[in-house]
Amino acid sequence: MAEQPTYGDRRAEGGRRLYSPYHPEGLSLPSLRAIYDLPTSPELLFQEERREARTLSENVTFYAGTGYLAGSAAGAVTGLRRAAKEAERGESAKLRASRGLTKCGAVGRAYGNRLGVIGLLFAGVESGVGELRDADDLANTVAAGLGAGLLYRAPSGPRSAIVGGLVGGLMAGAAVAWRLAFERYVPNPAF
């Protein structure tokens, strides 16, 4: 009977070798220096490939994802507050925990879906306005807020759509103003 090849000099009773996680056998792992030593060559071969703005698919992914995440977190907090308000004297801790988890999930899911749809509309309008104007500036953001609010509230009627558009435009305008103020007064942020 042929013996197994030895990969180390430690052997257990019966001729079997011991496994050691500290000595990977048969693997050639790169050093940490090789992993974190980044190349200095340019990322793009031609300067024409460089783009300043995100694409439509990147915008949709970013805005819808962050909208859903923020909405879910806000909804979970709101659901927890509602569950605490609905709690009655004498309920068991198990019943309170169940009610809290149910409310967090239901309200968080609803808020997340709403903000995710608003993010989806915002990304689409922002990319569309950018293509129509052939410019990438902060006016696109304000127009996207206006259009997203208008489209989101449109099924409720024209008056509600106008109010939604105004609220969306004002919120986007406030975000643009905050960004400009931040860039002006904090020119080199540490993060």
Side-chain angles (χ1 to χ4, degrees), residues 32-82 103-191:
L32 288 178
R33 184 166 192 80
I35 291 174
Y36 292 112
D37 191 19
L38 299 175
T40 57
S41 63
E43 192 173 322
L44 303 170
L45 292 177
F46 304 105
Q47 287 301 322
E48 294 84 25
E49 294 176 350
R50 181 175 304 281
R51 63 176 194 267
E52 298 297 323
R54 292 189 293 242
T55 63
L56 172 64
S57 61
E58 290 171 340
N59 272 344
V60 166
T61 303
F62 177 73
Y63 289 130
T66 55
Y68 185 82
L69 183 66
S72 296
V77 170
T78 304
L80 190 61
R81 289 182 63 205
R82 287 182 188 174
K103 286 283 186 187
C104 285
V107 178
R109 185 173 45 254
Y111 282 21
N113 287 338
R114 287 178 191 156
L115 283 181
V117 167
I118 291 171
L120 184 72
L121 293 172
F122 185 88
V125 172
E126 186 180 39
S127 294
V129 168
E131 286 295 319
L132 285 175
R133 292 183 61 230
D134 198 26
D136 184 29
D137 56 3
L138 298 176
N140 293 351
T141 305
V142 176
L146 186 93
L150 185 91
L151 289 173
Y152 184 73
R153 298 299 298 172
S156 299
R159 181 176 292 167
S160 180
I162 291 170
V163 170
L166 289 175
V167 169
L170 288 174
M171 289 179 68
V176 166
W178 184 85
R179 179 179 175 188
L180 291 174
F182 186 77
E183 288 174 356
R184 180 176 178 184
Y185 296 114
V186 187
N188 296 320
F191 51 88

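Computed over heavy atoms, backbone and side chain alike; hydrogens, waters and symmetry mates excluded.
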Report task. Specify the closest pair of heavy atoms between Gly124 and Leu56, including all atoms of both residues, with the distance to one decimal. Result -> CA-CD1, 4.2 Å
**Report entry** Atom of Ala76, atom of Cys104 and distance for their closest heavy-atom approach
**Finding:** O-SG, 3.2 Å
Query - Listed partners of Glu131 passing salt bridge (Lys or Arg N to Asp or Glu O under 4.0 Å), at least two apart - result: none
Requested in this report: For atom CZ of Arg133, decide whether the heavy atoms of other residues, nucleotides or ligands shown that lie under 6.0 angstrom number more than 12.
Outcome: yes
Report summary line: Minimal heavy-atom distance between Tyr111 and Gly75, with the atoms involved, is CD2-CA, 3.4 Å
Query raised in the report: Taking all non-hydrogen atoms of both residues, which atom of Ala154 and which atom of Ala161 are closest, and how far apart?
Result: CA-CB, 3.7 Å
Requested in this report: Mind listing the closest non-hydrogen atom pair of Ser127 and Asn59 along with its distance?
Outcome: OG-ND2, 3.4 Å
Query raised in the report: Do Ile118 and Tyr63 have side chains that get closer than 4.5 Å, going by heavy atoms?
Result: no
Query raised in the report: Roughly how far apart are Thr141 OG1 and Leu146 CG, rounded to 0.5 Å?
Result: 12.5 Å
Requested in this report: May I ask you to test the Leu80-Lys103 pair for a side-chain heavy-atom distance under 4.5 Å?
Outcome: no
**Report entry** Shortest non-hydrogen contact from Arg153 toward Gly164
**Finding:** CG-CA, 3.7 Å
Report task. Identify which one of Asp137, Val142, Leu138 satisfies the side-chain contact (heavy atoms from CB on, under 4.5 Å) criterion when paired with Asn140. Result -> Asp137
Requested in this report: Could you tell me whether the side chain of Tyr68 reaches within less than 4.5 Å of the side chain of Leu115, counting heavy atoms only?
Outcome: no
Report task. With rounding to the nearest 0.5 Å, note down the distance linking CZ in Phe122 to OH in Tyr152. Result -> 15.5 Å
